[in-house]
Chemist: 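This structure is in structure tokens; I'll ask about it shortly.
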Amino acid sequence: MIDSDLKKQLDSIFNTAVDGIITIDDRGHITTINPAALRLFGYEKMDDVIGKNVSFLMPAPDKERHDKYISNYQNTREKKIIGIGREVTGLRKDGSTFPFMLGVSEVKMADKVMYTGIIHDITYQKEAEEKLRRYALELERSNRELEDFAYVSSHDLQEPLRKIRAFGGLLKEENFEELSDDAKDYIDRMLNAAERMQNLISDLLDFSRISTRSKPFQKVDLNEVLGLVLSDLEIRIKETNATIKSGKLPIIEADKTQMGQLFQNLITNAIKFRKENENPLIEISCELSQKSIHISDFPGAKFYIINIKDNGIGFEQKYESKIFNIFQRLDGHKYEGSGIGLAVCKKIANRHGGDIYSQSEPGKGSTFIIKLSEKQNIKS
Ligand SMILES: Nc1ncnc2c1ncn2[C@@H]1O[C@H](COP(=O)(O)OP(=O)(O)O)[C@@H](O)[C@H]1O
Ligand SMILES: [Mg+2]
């Protein structure tokens, strides 16, 4: 016999548990049900439930299967649910259904056997999973669309463009002197526009290739990557009198080429959008963060936050989300470019389980903040 204190304790657990608890006898008849289980299945009184076969809380086809489970288990001792736990569907009084995790244990008493089922409602989890699944599908679809578009642009759009450029070039080389000044001007403008379009197409292709032509993740020393980028930009740095200061950067799992593209785009921007009367000063720093930032987070994930700060022209913070979109530019006419660099940076950061933001003020300069995961738990 259990003493009365222990019984009180068990009663209180039974009555206040957030999860539902139902006990059944060896024929499947409900012997007890706690308030949480009553609520989950939409019943008010225990009497509505006690004594009934537990299969009435299940929709077809589980309902029919359940009786077989019990007799099958009693004959074969093969555990399909008992001690294992599985996802099942519950049937509410109003006919609606909900998903739950069921854990069943067997309690052998002196003269009988009883089964205890713990019912953990997983509706929210399922909804979140479904949302994520749809989101992933949608993302996959739109990525595929972009890749298809890139394919079309590489073949079908580039070909006519090549012809325009080729014949325009011939006109300029062979018949230029016969043309009026106006006609010369038109040809120059036409060739410039065609070249701009060629650049846009090839930038767009680069953008689409971030996912299609990516390389597997490997250990990458970001100090080394930055060094290579700075040496590529050497002439530009000299010409503009830019100073670039960098703290120590980490080693992370990444796609090395893409890390190069990331730094290259951000540093090029920092130099390009400099103030006229001030030499560019670009400061790169890095700190470690343990906080969760992205859907691909996993427990204990480490993130690095890299800041790239400049003293350039800056921009109004309200345009922050705009500039990371493809082809979006703020000072389009004054500076060269196609407005794809930051979209590339965002796609690269996302592919590395991270993200990129910026903080800026007109006339004061901008800081681009990149969050990158130290390890890549998913293969992509
Ligand atoms: N460091 C920066 N300082 C000020 N504005 C910037 C900076 N970086 C980016 N921007 C703004 O964001 C826009 C988009 O940048 P990006 O995608 O690299 O395109 P692009 O360099 O071809 O213009 C730029 O046109 C500019 O208006
Ligand atoms: Mg750029």
Side-chain angles (χ1 to χ4, degrees), residues 146 149-150 153 192-211 225-226 228-230 232-237 239-246 257-286 305-352 354-372:
L146 183 69
F149 177 68
S153 38
N192 281 341
E195 186 184 335
R196 248 193 348 263
M197 179 146 179
Q198 179 69 55
N199 290 338
L200 286 177
I201 290 176
S202 83
D203 280 352
L204 195 61
L205 276 173
D206 286 348
F207 179 75
S208 79
R209 283 179 184 140
I210 295 168
S211 47
V225 172
L226 179 65
L228 290 173
V229 168
L230 293 184
D232 280 351
L233 294 175
E234 204 179 331
I235 296 170
R236 203 139 169 69
I237 293 171
E239 278 172 357
T240 55
N241 270 324
T243 307
I244 296 167
K245 294 183 184 167
S246 175
T257 313
Q258 293 187 347
M259 288 298 109
Q261 275 178 285
L262 186 72
F263 282 122
Q264 153 103 28
N265 276 321
L266 294 171
I267 295 169
T268 311
N269 279 349
I271 296 176
K272 178 161 61 171
F273 299 104
R274 66 187 177 277
K275 281 191 236 155
E276 269 172 29
N277 52 1
E278 211 175 318
N279 287 338
L281 171 64
I282 302 164
E283 291 165 288
I284 304 168
S285 60
C286 178
I305 298 178
I306 300 172
N307 292 297
I308 301 188
K309 182 172 184 287
D310 65 50
N311 60 342
I313 58 169
F315 55 86
E316 282 189 52
Q317 191 60 32
K318 66 176 177 194
Y319 297 124
E320 200 250 355
S321 55
K322 188 177 162 186
I323 57 172
F324 291 101
N325 291 336
I326 201 161
F327 296 142
Q328 295 287 342
R329 315 185 63 218
L330 304 177
D331 298 281
H333 303 295
K334 276 195 264 163
Y335 301 87
E336 259 184 38
S338 56
I340 231 164
L342 289 180
V344 164
C345 292
K346 185 141 196 132
K347 203 165 173 189
I348 291 176
N350 288 165
R351 191 183 159 237
H352 287 77
D355 215 338
I356 179 167
Y357 314 92
S358 64
Q359 268 162 9
S360 190
E361 210 178 307
K364 293 240 167 100
S366 320
T367 302
F368 283 81
I369 303 142
I370 316 149
K371 297 186 174 184
L372 291 173

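Read the numbers this way: they start at 1 and go in the same order the structure lists the ligands and their atoms.
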Chemist: Sub-3.5 Å donor-acceptor pair from the side chain of R329 to the main-chain atoms of E336, do we have one?
Modeler: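 Yes; judged by distance alone, with no hydrogens or angles, the pair exists.
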
Chemist: Does the cation-pi check pass for K346 over F324, that is, NZ or CZ under 6.0 Å from the six-membered ring centre and within 45° of its axis?
Modeler: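 Satisfied, under 6.0 Å and within 45°.
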
Chemist: My understanding is that we take every heavy atom of each candidate and find the minimum distance to atom 1 (N) of ligand 1. Doing that for T268, N325, D310, I271, which one comes out nearest?
Modeler: D310

Chemist: In Å, rounded to the nearest 0.5 Å, how long is the span from CG of L230 to CD of Q264?
Modeler: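 Those atoms lie 10.0 Å apart.
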
Chemist: Using a 4.0 Å cutoff against the non-hydrogen atoms of L342, which atoms of ligand 1 qualify?
Modeler: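 With L342 as reference, the close atoms of ligand 1 come out as 9 (C), 12 (O), 14 (C), 15 (O), 16 (P), 17 (O), 18 (O).
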
Chemist: Quick check: closest heavy atoms across L372 and H352, and the distance to 0.1 Å?
Modeler: CD2-CB, 4.0 Å

Chemist: Would F368 count as a contact residue for ligand 1, given that I'm defining contact as a non-hydrogen atom of the residue lying under 4.0 Å from a ligand atom?
Modeler: yes

Chemist: Within less than 4.0 angstrom of ligand 1, does S338 place any heavy atom?
Modeler: yes

Chemist: Would you mind listing which atoms of ligand 1 come within a distance below 4.0 Å of any non-hydrogen atom of G337?
Modeler: 22 (O)

Chemist: With a 6.0 Å cut-off (strictly less than), is the heavy-atom count around CZ of R196, excluding the residue itself, greater than 12?
Modeler: no

Chemist: Return all protein N, O or S atoms below 2.8 Å from the Mg ion (ligand 2), chain by chain in residue order.
Modeler: N269 OD1

Chemist: Looking only at the side chains, is there a donor atom on one of N311 and E278 sitting less than 3.5 Å from an acceptor on the other?
Modeler: yes

